[in-house]
**Q** 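Here you go, one structure.
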Amino acid sequence: LDGLRFLAAMHIIVFHTVHIEGLRLVSWGSTSTSFFFVLSGFVLTYAYTGADGGLRVRARDLWWRRFARLYPLAVLTQ
């Protein structure tokens, strides 16, 4: 699944950086974005929920991990 997420992310990057008229694959950027978000939600759910449907970790730890992973990238790209 990570490979598919990588390909979708690369397609999104190409969509935002390469502007070639008539290149149909590049124009499907919104489809790749939706696919990336749906797949990411599935991966997060699979990683953090147990067989009973509850969280494997405390909610506080889950949010801290998400913040620690995403915030530095948000600061770096601003």
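Computation of the quantities below employed the complete heavy-atom set of this structure, encompassing side-chain atoms and omitting hydrogens, waters and symmetry-equivalent molecules. Model, not experiment: these values are computed from the prediction.
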**Q** May I ask you to test the Arg65-Leu62 pair for a side-chain heavy-atom distance under 4.5 Å?
**A** no
**Q** Can you sort out the partners of Arg69 under side-chain contact (heavy atoms from CB on, under 4.5 Å), two or more places apart, ordered by chain and number?
**A** Arg66
**Q** Among residues two or more places apart or on two chains, list those pairs meeting ring pair (Phe, Tyr, Trp, His ring centres under 6.0 Å) that have a residue in residues 46-65.
**A** Trp64-Phe67
**Q** Each residue besides Val43 in its hydrophobic cluster should be listed here, by chain and number; the cluster joins Ile, Leu, Val, Met, Phe, Trp and Tyr at side-chain heavy-atom distances under 4.5 Å.
**A** Leu1, Leu4, Phe35, Leu39, Phe42
**Q** Any salt bridge (charged side-chain N to carboxylate O under 4.0 Å, His left out) involving residues 40-61? Give me the pairs, sequence neighbours left out, ordered by first then second residue.
**A** Arg58-Asp61
**Q** Among all residues two or more places apart in sequence or in another chain, which pass the side-chain contact (heavy atoms from CB on, under 4.5 Å) test with Thr33?
**A**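 Scan of Thr33 (side-chain contact (heavy atoms from CB on, under 4.5 Å), adjacent residues dropped) gives Ile12, Phe37.
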**Q** Rounded to the nearest 0.5 Å, what separates atom OH in Tyr71 from atom CG in Leu76?
**A**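 Answer rounded to 0.5 Å: 12.0 Å.
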**Q** Please name all residues satisfying side chain to side chain donor-acceptor pair (under 3.5 Å) with Ser40, sequence neighbours left out, ordered by chain then number.
**A**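 By the side chain to side chain donor-acceptor pair (under 3.5 Å) rule, Ser40 matches Arg5.
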